[in-house]
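All remarks here apply to the structure that follows.
Only a predicted model underlies this, so the values are computations on that prediction, with no experimental measurement involved.
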Protein chains: 2
Amino acid sequence: MPRRTNKPMPSKPSPITMDAVYTAPGYLFRRMQQIAVSIFVEECSAFDLTPVQYAALVAIHTHPGIDATRLSAVIAFDRSTLGNVIERLESKALIERKPSREDKRVKLLHLTKSGAAVLRDIMPSVERAQLRMLQPLKPADRKTLLALMTQLVDLNNEASRVPLRAEDALEHLGKSS
Amino acid sequence: MPRRTNKPMPSKPSPITMDAVYTAPGYLFRRMQQIAVSIFVEECSAFDLTPVQYAALVAIHTHPGIDATRLSAVIAFDRSTLGNVIERLESKALIERKPSREDKRVKLLHLTKSGAAVLRDIMPSVERAQLRMLQPLKPADRKTLLALMTQLVDLNNEASRVPLRAEDALEHLGKSS
DNA sequence: TATGGATTGACAGTATACTTACAATATGGG
DNA sequence: CCCATATTGTAAGTATACTGTCAATCCATA
């Protein structure tokens, strides 16, 4: 008998199997993140930098004198956690933190000479890592996956607790030290 | 002048820009994982379960009497961290841990009545979360992305520090309590 | 200009996600 | 049977990745 109403069809409960986990996008994203970090850390082991620390260095290099809050928006990274990351980068003497003259709340971030050198030297390892992550796919599939992931991350930006705000990086230009 | 040798061409160093970060697969995977966890936690807030805790419950449901080491292989999750996850699930009375008679080292895991009920009730929320993660893509693109991610995770399995060993789950059947 | 609201960095708390190390226990080869 | 080797759960240490809260500071407006 065909349905005549618009009432939502109570879909029959799916069976609870491991396959339901293995084929869920959430599982695949968690797993791929695990793998990506493994590969990154392995390729960059000579530099003792994590993926997030690397992203922070790039952002500080690109936006010298940025403050922590804006940095968190630029790399889509939680402000609280970023405090620890900055602390570790500072203790490794890769960056410097100096108080701003105009705003006594903020501390401006700059690469040290050592930090700039590490960033320059690590680039080939980072690129090797990024290549390795997609290596198992055929070149055409790599492009497809990258395009779809870029789209999805962009369209889901607001769904994350720390949306990316790349344009925030420009604000500090008015108040540079 | 054309090159005559087979020596590797030292590719010119890429410029260091934020765009290099934003288009790197590693960044996209980290970002998508952030977003996926946000969506999962939001949809499942009524149940106070994280994605990993959910996966653990499913695995224990599917393989009653599994031990912690095998569970870690089945959900591709580090053995040490899993200890904490199990502890939290036990303190919420969703699972039970009882010593095995045959092997005094291992503790066998079972769902409690409450755990089985939570798992049954959370399924619709989990499915909603999984749908939302891919929602912004066209249906055909969702299928493509899922297929490529499945391939990539599978082919990169050994690159992770905790490879998935789904078949390990069967070993405990010989020594059930 | 005073004051309420916003911003900033810092801190505490929870939960992954990994590393190494260790004691208790199990197992297989001589 | 004995002993080297492996396995199991646990713990300590590091690093994300969030949630709150808080004091200091800034700023807009009444």
- prompt: Is the shortest side-chain N/O distance from Arg88(B) to OP1 or OP2 of dT16(C) below 4.0 Å?
  reply: yes
message: Nearest whole Å is fine: how far is dA17(D) C1' from Glu42(B) CD?
response: 17 Å
- prompt: Taking the side chain of Val162(A) as its heavy atoms from C-beta onward, which of dA17(C), dT16(D), dC18(D) lies nearest to it?
  reply: dC18(D)
task: Indicate, with a heavy-atom threshold strictly under 4.0 Å, whether Gln33(B) touches base, sugar-phosphate, or nothing.
output: sugar-phosphate
message: Hydrophobic clustering (ILVMFWY, side-chain heavy atoms < 4.5 Å, transitive) - are Val162(A) and Val74(A) grouped together?
response: no
- prompt: At under 4.0 Å between heavy atoms, what does Val37(B) touch on the DNA or RNA strands: base, sugar-phosphate, or nothing?
  reply: nothing
field: Protein-nucleotide distance (Asp78(B), atom CG; dT16(D), atom C1'), rounded to Å
entry: 14 Å
query: Is the base of dA11(D) touched by the side chain of Ser80(B) through a donor-acceptor pair closer than 3.5 angstrom?
result: yes
message: Rounding to an integer number of Å, can you tell me how far Leu108(B) CG sits from dT7(D) P?
response: 18 Å
- request: Could you work out which one of dT25(C), dA10(C), dA17(D) sits closest to the side chain of Arg105(B)?
  value: dT25(C)
query: According to a strict under-4.0 Å criterion, is Arg161(A) in side-chain N/O contact with OP1 or OP2 of dA17(D)?
result: no
message: Looking at Lys107(B) and Glu87(B), is any side-chain nitrogen of the basic one under 4.0 Å from a carboxylate oxygen of the acidic one?
response: no
task: Rounded off to whole Å, could you give me the OH-to-C1' distance for the Tyr27(B) and dA17(D) pair?
output: 15 Å
- prompt: Is a side-chain donor-acceptor pair under 3.5 Å present for Gln34(B) with Arg31(B)?
  reply: yes
- request: Could you state the atom-to-atom distance from CG of Asn84(A) to C1' of dA15(C) in whole Å?
  value: 14 Å
field: Spacing of Phe29(A) atom CZ relative to dA17(D) atom C1', expressed in whole Å
entry: 18 Å
message: Could you tell me how far apart Glu90(B) (CD) and dA15(C) (P) are, to the nearest whole angstrom?
response: 15 Å
- prompt: So how far is it from Leu94(B) CG to Tyr54(B) OH, rounded to the nearest 0.5 Å?
  reply: 14.0 Å
- prompt: Base, sugar-phosphate alone, or nothing: which one does Val41(A) contact when heavy atoms must sit under 4.0 Å apart?
  reply: nothing
task: May I ask you to evaluate whether Lys104(A) reaches the phosphate of dG9(C), defined as a side-chain N or O under 4.0 Å from OP1 or OP2?
output: no
- prompt: Tell me: CD of Glu87(B) to P of dT8(D), nearest whole Å?
  reply: 20 Å
field: Sugar-phosphate, base or nothing in reach of Thr81(A), heavy atoms under 4.0 Å
entry: base
query: Between dA17(C) and Gln34(A), is there an OP1 or OP2 to side-chain N/O distance shorter than 4.0 Å?
result: no
task: Evaluate salt bridge (charged side-chain N to carboxylate O under 4.0 Å, His left out) for Glu90(B) paired with Lys98(B), printing each intermediate quantity in order.
output: CA-CA 11 Å; Glu90(B) 198 181 18; Lys98(B) 27 188 175 181; over 6 Å; no
- line: Considering only heavy side-chain atoms of Arg79(B), the closest of dG9(D), dA26(C), dA10(C) is dG9(D)
message: Classify Thr50(A) by what it touches in the nucleic acid, base, sugar-phosphate, or nothing, heavy-atom distance under 4.0 Å.
response: sugar-phosphate
statement: Among the nucleotides dT19(C), dT10(D), dA17(D), whichever has the atom closest to the side chain of Lys107(B) is dT10(D)
- prompt: Given Leu109(B), which of Leu89(B), Leu71(B), Asp67(B) fulfils the side chain to side chain contact (heavy atoms under 4.5 Å, CB included) condition?
  reply: Leu71(B)
task: Output yes when at least one side-chain N/O atom of Arg30(A) is less than 4.0 Å from OP1 or OP2 of dT16(C), else no.
output: no
- prompt: Below 4.0 angstrom from OP1 or OP2 of dA10(C), is there any side-chain N or O of Arg97(A)?
  reply: yes
- prompt: Among dT16(C), dT8(C), dT19(D), which nucleotide sits nearest the side chain of Thr69(A)?
  reply: dT8(C)
First of Lys92(A) and Ser160(A) reached from the 5' end of DNA chain D, by closest nucleotide: Lys92(A)
